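Notes follow once the structure below has been shown.
Values in this document were obtained by computation on a predicted structure and should not be read as measured data.
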Amino acid sequence: MRFLDDLSPGMKFESATEEITTERIKSFAAEFDPQIFHLDEDRAKDTFFGGLAASGWHTAALAMRMNVAGGLPIAGGIIGSGIDELRWPHPVRPGDMLAVDNEVVEVIPSASRPGTGRVRAQCRVLNQDGVVVMSFIATLVVRG
């Protein structure tokens, strides 16, 4: 686990991979994003996506879990204070294998709270072909 003083710009961390299944896509969508292109393979063929696609929010939730499981080893937990530039440039499909890669962009010690600071990290979720399916810049609160 890494503290603020252990982190510097350019450091990279990668999560383990996770397979996305049709059942998980539909289950998440049924509860949180019930749109036809997330729920029904046949009807999804006639939509913008041309087939079943995971919700972007499902991808975001998976990225969080993969980071907590080791993709972003921050001591004290991953405490977010903001997200910038969230993008979903490519759909996630059943059978995709996803991984998160993170790069520390900036480390900012706190002037008002000694022993803490902020870390900005570029996070990218990639599928098995190396295609970016989600990206964002996370601002995290990190202990010193």
Side-chain angles (χ1 to χ4, degrees), residues 1-41 44 47-144:
M1 300 310 266
R2 307 289 176 107
F3 291 90
L4 187 69
D5 297 339
D6 301 324
L7 298 167
S8 59
M11 292 180 84
K12 296 181 180 185
F13 304 96
E14 188 172 321
S15 76
T17 60
E18 178 149 353
E19 183 174 5
I20 307 309
T21 66
T22 298
E23 295 75 26
R24 290 179 67 201
I25 289 171
K26 290 180 178 183
S27 175
F28 182 94
E31 187 169 358
F32 299 107
D33 192 356
Q35 299 186 74
I36 204 65
F37 38 80
H38 302 318
L39 293 168
D40 186 313
E41 292 102 323
T47 70
F48 172 83
F49 293 104
L52 194 68
S55 167
W57 299 114
H58 185 185
T59 306
L62 287 167
M64 182 66 189
R65 192 180 74 226
M66 289 188 283
N67 274 335
V68 168
L72 196 52
I74 303 296
I78 299 172
I79 302 168
S81 67
I83 295 284
D84 295 313
E85 301 178 32
L86 176 61
R87 305 284 186 268
W88 293 290
H90 194 272
V92 172
R93 305 288 188 177
D96 278 353
M97 295 293 291
L98 302 183
V100 183
D101 83 24
N102 300 286
E103 181 176 350
V104 175
V105 175
E106 189 174 17
V107 177
I108 309 156
S110 175
S112 62
R113 296 184 73 187
T116 65
R118 290 180 294 133
V119 170
R120 290 179 47 83
Q122 173 68 57
C123 304
R124 299 181 322 147
V125 180
L126 299 103
N127 69 16
Q128 66 282 353
D129 298 319
V131 174
V132 175
V133 297
M134 185 176 84
S135 65
F136 58 95
I137 298 172
T139 302
L140 309 170
V141 177
V142 181
R143 296 187 307 186

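Ile20 has its side chain within reach of Ile25: a pair of non-hydrogen atoms, C-beta onward, lies under 4.5 Å apart. Trp57 is listed as a side-chain neighbour of Trp88, based on a closest heavy-atom distance under 4.5 Å. Between Val131 and Leu126 the shortest side-chain heavy-atom distance does not fall below 4.5 Å. You'll find the side chain of Arg124 stays beyond 4.5 Å of the side chain of Val100, heavy atoms only. Side-chain contact between Val105 and Ile137 is absent, with no heavy-atom pair separated by less than 4.5 Å. You'll find the side chain of Ile78 reaches within 4.5 Å of the side chain of Met64, heavy atoms only. Between Asn127 and Val92, every side-chain heavy-atom pair lies at or beyond the 4.5 Å cut-off. In this structure, the side chains of Thr22 and Leu52 come closer than 4.5 Å at one or more pairs of heavy atoms.
How far OG1 of Thr139 is from CD1 of Ile108: 7.0 Å, rounded to the nearest 0.5 Å. Rounding to the nearest 0.5 Å gives a distance of 8.0 Å between CZ of Phe28 and CG of Leu62. For the atom pair CG of Leu4 and CZ of Arg118, the computed distance is 10.5 Å after rounding to the nearest 0.5 Å. Here the straight-line distance linking atom CG of Leu98 with atom CE of Met66 works out to 5.0 Å at 0.5 Å rounding. The distance from atom NE2 of His90 to atom CG of Asp129, rounded to the nearest 0.5 Å, is 8.5 Å. Rounded to the nearest 0.5 angstrom, Cys123 SG and Leu72 CG are separated by 6.0 Å.
For the pair Lys26 and Glu41, the salt-bridge criterion is met [side-chain N within less than 4.0 Å of a carboxylate O]. Ion pairing between Asp84 and Arg120 holds under the 4.0 Å rule for side-chain N and carboxylate O. A salt bridge between Arg24 and Glu18 is present, with a side-chain N of the basic residue lying under 4.0 Å from a carboxylate O of the acidic one.
Looking at residues two or more places apart in sequence or on another chain, you find no salt bridge (Lys or Arg N to Asp or Glu O under 4.0 Å) involving Glu19. In terms of the ring pair (Phe, Tyr, Trp, His ring centres under 6.0 Å) criterion, residue partners of Phe49 (sequence neighbours excluded) are, by chain and number, Phe37. Judged as a side chain to side chain contact (heavy atoms under 4.5 Å, CB included), and not counting sequence neighbours, the contacts of Pro73 are Met1, Arg2, Phe13.
The two residues Ala63 and Met134 come nearest to each other via the heavy atoms CB-CE, 3.7 Å.
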Next item on the list: Carefully, step by step, assess Ile36 and Thr47 under the rule side-chain contact (heavy atoms from CB on, under 4.5 Å).
Entry: CA-CA 8 Å; Ile36 204 65; Thr47 70; 3.8 Å; yes
Checklist line | CA sep, side-chain torsions, deciding dist, call: Val125, Val132, side-chain contact (heavy atoms from CB on, under 4.5 Å) | finding: CA-CA 6 Å; Val125 180; Val132 175; over 6 Å; no
Item checked: From CA spacing to verdict: side-chain contact (heavy atoms from CB on, under 4.5 Å), Glu85, Ser135 -> CA-CA 7 Å; Glu85 301 178 32; Ser135 65; over 6 Å; no
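Side-chain contact of Asp96 with Gln128: a donor-acceptor pair under 3.5 Å is present, judged by distance alone. When only modelled atom types and interatomic distance are considered, Arg143 and Thr116 share no side-chain donor-acceptor pair under 3.5 Å.
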